[in-house]
Amino acid sequence: MSPEPFDPAQGTPTDFIREAVKEDLKNGRFNYVRTRLPPEPNGYLHIGHVKAFMIDYLVAKENGGDLVLRFDDTNPTKEETEFVEAIEDDARWLGIEWSKVTFASDYFDLLYEWAQKLVLAGKAYVDDQTPEEVSKNRGTLTEPGKNSPFRDRDVEENMDLLERMKNGEFPNGSRILRAKIDMAHPNINMRDPAMYRILHEHHHRTGDKWKIYPLYDWSHGQNDSMEGITHSLCSLEYEDHRPLYEWFLDQLDVFKPRQIEFARLNLNYTVMSKRKLRRLVEENHVSGWDDPRMPTLRAMRRRGYTANAILDFIRRVGVAKNYSVSDVSLLEACVREDLNKTSLRRMAVIRPLKVVIDNYPDDLVEEMDAVNNPEDPNAGTRKVPFSKVIYIEQDDFRETPPPKYYRLFPGNEVRLRYAYFIKCSHVVKNDAGEVIEVHATYDPSTRGGDSPDGRKVKSTIHWVSAKHAKEAEVRMYDRLFSKENPEEGEEGFLNCLNPNSLEVLNGFVEPSLATAEAGSRFQFERLGYFCVDKDSTKEKPVFNLTVNLKDAWAKIEKKGN
RNA sequence: AGGGGCGUGGUGCAACGGCAGCACACCAGCCUUUGGAGCUGUGGAUCUUGGUUCGAGUCCAGGCGCCCCUGCCA
């Protein structure tokens, strides 16, 4: 019943990173493998992170190495403890294992000593230029920068100034510590990059101890070295930073990990940047970080996605250096494949239409045997009550059937799943001319769904007994954006929100669903996979659409038009 | 324009000088007590030009296109 645990060794294709790591082991560059997960604790994990996480985790695991979960908390103005917990929780849910949890801030003291070493060696200096001057003197893509007038300060003065920066003697922004490299370097990251900035801010771990905080370039590689990370795997935009990563380590003459870059995950019909996701939440386009339409792990969990399905998707997407945008339909296919094997089937009618079976006894109730999961015989069967008045799906009835429509219409016979053949006799309409009630007759000899005379029907439809059904709220989700690439344009993504991304329906579910617990998953036959939401109550269960079933009829109908 | 990368069906990824393949999507059919699932099949790609080679997606040279880089963000 429970999904099989994810086996990294199974079917994980090789890629250029795995090959590079193997090569490093073979030629002795390293004799073990250790990677690191470097989330910044300033937001929730989204599916894009999963790709990076799995590369880090599996590369370590496949080579008998380990993974360090290191929070990159070098910027106290943006980071919060709340996210640390959430990130760990999501990562655990994915099945990722790490040997220890660390923080960049654990190394602030040692990192400061290393900075002093560089100052002493004449490789770093305190710059008093304003941020504007620093920026202006950096030059442009095509023009070299200009040396700072403070670049040639002597070592003693630099040491003194750095210490006083640390002690909080100077205001924010008044000075920075910079590496002394080359202001004319064609790679702008090498034009005397900043190492420390002054920030009189409270830090979620170190409190008020520090008045200066390291920048990413100065922190990350040094932390990698301190932790004995062999392979620092990151996304493409850090390729330009690799020369700097290596420069610091070379100057320091310390253990030197290897940085390798790969293309991050992008998904169509989705935005992935933290800033944009935050706007969706803050401007109430969604109900929160765990709104099931969001690409965050919290949201996907709530929606009913399994870790297995997400991991399978990541595996199938692969790893390369091409900028790429993956198709959400692949993700959906992975979810269907996983859920198809494991989900219990239930009947639910989400857009109800009343059907009265005129020749069925008024007070009779029969218990029909229904299969729980045709993909899994061990899932057994259950009883579903049947009676004279039932609900069927509005889509399953047409007064005038279009071509190729096999479902119920006047004069046509269909099978009620696990129950009887019924034939539509007539309809009842309201003043507006809408069909509000369908009348039918049943064939008592077809109990269970087969006719003794061998008569066939072309369609089987699902139903619930009106008398026994439980009312339920069903939240139907669709893509949050109506454009394949909502990211293009700054404001663009808010202009292409799909107005129909959430539709709340009130339907009826079979009685066995009345007590389903939050988080449990079912297939509603012929509709899709659904997950019980945390908003569910005993009085009114709430179901989230995880993903719909493939709908062949919808395709036929669409083509007809 | 300077630097760093990347160009293989619609999408994502393979092919490591030797028959361009896989998955999803698409299309057609079979089967079906889910128009689900499953099964079978079709179509469709090496950015371009030249070179090396018996043989080039792969190696070389030029061109073209796309992405990233001028935070005291990561």
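Chain letters run A, B, ... following the sequence lines, proteins first, then strands; residues in each count from 1.
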Without decimals, in angstroms, what is the distance between [X] [atom1] and [N] [atom2]?
{"X": "A:Tyr238", "N": "B:C73", "atom1": "OH", "atom2": "P", "value": "13 Å"}
{"X": "A:Gln523", "N": "B:G35", "atom1": "CD", "atom2": "C1'", "value": "13 Å"}
{"X": "A:Asp312", "N": "B:C13", "atom1": "CG", "atom2": "P", "value": "16 Å"}

Looking at [X], does any N or O in its side chain come under 4.0 Å of the phosphate oxygens OP1/OP2 on [N]?
{"X": "A:Lys458", "N": "B:G35", "value": "no"}
{"X": "A:Ser135", "N": "B:G71", "value": "yes"}
{"X": "A:Arg138", "N": "B:G71", "value": "yes"}
{"X": "A:Ser324", "N": "B:C13", "value": "yes"}
{"X": "A:Asn322", "N": "B:C13", "value": "yes"}
{"X": "A:Arg197", "N": "B:C73", "value": "yes"}
{"X": "A:Arg242", "N": "B:C69", "value": "no"}
{"X": "A:Lys559", "N": "B:C27", "value": "no"}
{"X": "A:Arg175", "N": "B:C72", "value": "no"}

Applying a 4.0 Å non-hydrogen cut-off, can you work out what [X] is touching in the nucleic acid: base, sugar-phosphate, or nothing?
{"X": "A:Val319", "answer": "sugar-phosphate"}
{"X": "A:Lys404", "answer": "base"}
{"X": "A:Ser329", "answer": "sugar-phosphate"}
{"X": "A:Tyr196", "answer": "nothing"}
{"X": "A:Thr74", "answer": "sugar-phosphate"}
{"X": "A:Glu525", "answer": "base"}
{"X": "A:Glu375", "answer": "base"}
{"X": "A:Tyr406", "answer": "base"}
{"X": "A:Ser451", "answer": "nothing"}
{"X": "A:Pro243", "answer": "nothing"}
{"X": "A:Val457", "answer": "nothing"}
{"X": "A:Arg191", "answer": "nothing"}
{"X": "A:Arg345", "answer": "base"}
{"X": "A:Arg415", "answer": "base"}

>> Below 30° counts as parallel, above 60° as perpendicular, anything between as tilted: where do the rings of A:Tyr442 and A:Tyr420 land?
In response: perpendicular

>> Going by the rule ring pair (Phe, Tyr, Trp, His ring centres under 6.0 Å), which residues pair with A:Phe522 if we only count those two or more places apart in sequence or in a different chain?
In response: none

> Taking the six-membered ring of A:Phe409 as reference, does the NZ or CZ atom of A:Arg398 fall below 6.0 Å from its centre and within a 45° cone about the axis?
Replying inline: no

What interatomic distance, in whole Å, is found between [atom1] of [M] and the corresponding atom of [N]?
{"N": "B:C59", "M": "B:C6", "atom1": "P", "result": "11 Å"}
{"N": "B:U8", "M": "B:G57", "atom1": "C1'", "result": "7 Å"}
{"N": "B:A28", "M": "B:G5", "atom1": "P", "result": "46 Å"}
{"N": "B:C60", "M": "B:C66", "atom1": "P", "result": "24 Å"}
{"N": "B:G21", "M": "B:C16", "atom1": "P", "result": "13 Å"}
{"N": "B:G63", "M": "B:C22", "atom1": "C1'", "result": "33 Å"}
{"N": "B:U42", "M": "B:C47", "atom1": "C1'", "result": "27 Å"}
{"N": "B:G10", "M": "B:U53", "atom1": "C1'", "result": "35 Å"}

> Based on Watson-Crick and G-U pairs with both distances under 3.5 Å, what dot-bracket line describes RNA chain B 5' to 3', crossing pairs as [ ] and inter-strand pairs as |?
Replying inline: .((((((..((((....[..))))..((((.......)))).....(((((..]....))))))))))).....

> Given side chains that start at C-beta, do those of A:Arg346 and A:Val509 come closer than 4.5 Å, heavy atoms only?
Replying inline: no

> Can you find a heavy atom in the side chain of A:His203 that is under 4.5 Å from one in the side chain of A:Tyr213?
Replying inline: yes

> Between A:Asp106 and A:Arg70, does a salt bridge (Lys or Arg N to Asp or Glu O under 4.0 Å) hold up when you go through it step by step?
Replying inline: CA-CA 10 Å; A:Asp106 294 345; A:Arg70 186 178 70 227; over 6 Å; no

> Out of B:G36, B:G35, B:G2, which has the shortest distance to the side chain of A:Pro186?
Replying inline: B:G2

> For the residue pair A:Trp218 and A:Phe248, is the inter-centroid distance of their aromatic rings smaller than 6.0 Å?
Replying inline: yes

> Is there a donor-acceptor pair under 3.5 Å between the side chain of A:Asp56 and the backbone N or O of A:Phe53?
Replying inline: no

>> I need the single residue from A:Lys383, A:Arg382, A:Arg345 that forms a salt bridge (charged side-chain N to carboxylate O under 4.0 Å, His left out) with A:Glu510. Which is it?
In response: A:Arg382

